[in-house]
Amino acid sequence: MLDIRFIRENADLVREAIRRKRIAVDLDNVLAADGECRELKTSFESRKAEQNRGSKELGRLDAAARAKALEGLKVLSDEVRVLEARLVEAEARLRTLLLLVPNVLDPAVPEGRDDSQNAELKRWGTPRQFDFAAKDHVDLGTSLDILDIERATRIAGSRTYFLKNEGALLELAVLRFAIDHMMAKGFSPMLVPHLVRTEAMEGTAYLPGGEEQAYRTQKDDSWLIGTSEVPVTAYRMGEILSCEELPLKMAGLSPCYRREAGTYGKDTRGLYRIHQFQKVEQVVVCRADLDESIRWHDAILKNAEELLQAFELPYRVVDVCDGDLGRPQVRKFDIETWMPSRNGYGETHSASRFHDYQARRLDLRYRDEQGKVRICHTLNNTVVASPRILIPLLENHQQADGSVVIPEVLRPYMGGRSVMKPKA
RNA sequence: GGAGAGAUGGCAGAGUGGUCGAAUGCGCCGGUUUGCUAAAUCGGUGUACCUGUUAAAUCGGGUACCGAGGGUUCGAAUCCCUCUCUCUCCGCCA
C-alpha cells in the first residue's frame, strides 16, 4: 500500500505505474475518496471537540444547569454520531481502493507486454549438448523409481505427485542445503505457520486480488500459504522494531499451496506446475533506505545464484518487465534455470523488492537513531523450490545409461550417494 | 468439544461512569550533585491522524487509541454484546 500523501503528491507517478502494470484502478476515485475523508474528518473532529468540552463541564454543574446543558449536548451527540458513521464509511472505502493501487516502478524496469519481454541481465553456465537421447524428468524419475505422478493423480487429482526413495531424499537434501547456505549468510531458519489469517495475506499483498490462487479453509476462514514469505514477512507485524535489530534476515521453510486456477492446459506435464511444493524463502526486513534496499536486492539474488552454481545448473537472470510485474513490486529479478525438456530456461527463483509497500500494510515499523518511527522496507527471494528444482537437477545431470549424477554439494545430505541408477 | 479466569503504556501494576492518555514502581533520556562509577535529586519519557504558525519543525490546537469490533450514555479503561488471544480444569489427541 502506498502512503496516501505520496499518492496526492505524486499522482503522475502512480498513474504511470497503473498504466505500465496494466492494472484496472481509477486514481481519480482514490483521490476523491481521500478528499471526502479529510473533509469529514475535519468536521467530525471539531464537533467532537465541542462535545467533549461540554461533557467535561457537565460534571461540575449543579442539577438545574446540568439539565439545561444536557439538552444541547444530546443534539450535538446525535450530530457527532452521524458524522462519525459517515467518516468510518468513507475511510473504509478509501482503504479498499488504496489496497488495489499498485506500487510505483523503479526507473530501470524494462517495458514489455509479458514474461517473453523480460530483459536478460546475465547468463551463467552453458546448456549441455547431449550425445544420446535425453529423457525428461518424468521419464527419468519413473525409471529411477523416485517419482510417481500417475498414482498421485488417482489419489489427489491433477498437478500432484509422489516423491519416493532417493527422490524423497533428494528433495530433503536440496532443502537442507538451502537452509545451511542461508544460515552461513546470517539468516535465521524459520519453520512457520502454514495456515494464516486474512491479515497476513492482505499485509503481504496477496489479498485482495489473489483469492483465486489460494486455498481457503472452510470452517475457520484461514488461508493455506502459497509461500512462507507470508508468515515470515508478517512475523513482526504491528511492532515497532529497534533499529539495532535491523535488518531482519530470515529463511522460511514451508510447503506452498497454489490452486493454479486458470492455468488449465499450461505446463501440464511433470513437476513444473503443481498444487503443492516445498520452498526455502529468504526474507529481508531493512530500514527505510533506498540504497540499502537495493543492496539487499542484489544480495538475495546472489545468494540464489550461488546455490544454482553449487548445483552446477546453467541459468540466466532476467529483469522482469512492467507488464509481468505484480502490484506490490518496485522491481523484480527472476532466475530461470536451464531445463533440457523445455529446451529453454524455466523460472525457478523470483527476487522482489517492495520498498515500504508490504510493511505499510503490515504496520511493520522501526525507530531510527533520531527516535523517529519509520516504515521498514521488505524484500524476498526464493532460495530453492522443490520439486521444480528437481527438473533441471535430474535432466541436466543425466547420463546415457539413464542414471543421474548427484552434485557434489548434495552428497553429504544423501548419505554419500553420488549417483542414482535406474531400477528396472 | 465442555467449564471457569483473564487481557491496562517498554515492563510490573493501580484504576468499576466525568477532573484518566491513565496513579505508583522499574526501565529509558536529559539536568543537578559527584575526582570516576554508583547513589541521591529534579525534569522528561507512547502511537497515528487532522489542523494552524513556520524556512522547517523535536512548536501550538484538536481527534482517536487501556486485546479487537459493536452497543448503552451528554460522557466509557470502567456497564452490556460479539470476537480474538492467554491461563486453569475436564474430554479428545500426535
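Just so you know, these numbers use all the heavy atoms, side chains as well, and skip hydrogens, waters and symmetry mates. Residue numbering restarts at 1 for every chain, and letters A, B, ... go by the order of the sequence lines.
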At under 4.0 Å, does any side-chain N or O of [X] touch on OP1 or OP2 of [N]?
X	N	answer
R197(A)	rC85(B)	yes
S77(A)	rG75(B)	yes
N52(A)	rG62(B)	no
K74(A)	rC74(B)	yes

Nearest whole angstrom, please: distance from the [atom2] of [N] to the [atom1] of [X].
X	N	atom1	atom2	value
E245(A)	rG10(B)	CD	P	14 Å
I240(A)	rC65(B)	CD1	P	18 Å
R81(A)	rU72(B)	CZ	P	6 Å
R53(A)	rG61(B)	CZ	P	13 Å

Write down the distance separating the [atom1] atoms in [N] and [M], rounded off to the nearest Å.
N	M	atom1	value
rG15(B)	rG70(B)	C1'	24 Å
rG9(B)	rU78(B)	P	14 Å
rC20(B)	rA64(B)	C1'	15 Å

Applying side-chain contact (heavy atoms from CB on, under 4.5 Å), can you list everything that pairs with R19(A), at least two apart in sequence or on another chain?
E16(A)

Taking a pair as Watson-Crick or G-U wobble with both distances under 3.5 Å, which nucleotide is matched to [N]?
N	value
rC65(B)	rG46(B)
rC89(B)	rG2(B)
rG75(B)	none

For residues H349(A) and T382(A), is any side-chain donor paired with an opposing acceptor at under 3.5 Å?
no

Which comes earlier along RNA chain B counting from the 5' end, the contact point of Q51(A) or that of R374(A), where each point is its nearest nucleotide?
R374(A)

Specify the residue among R367(A) and F44(A) whose closest nucleotide of RNA chain B lies further upstream toward the 5′ end.
R367(A)

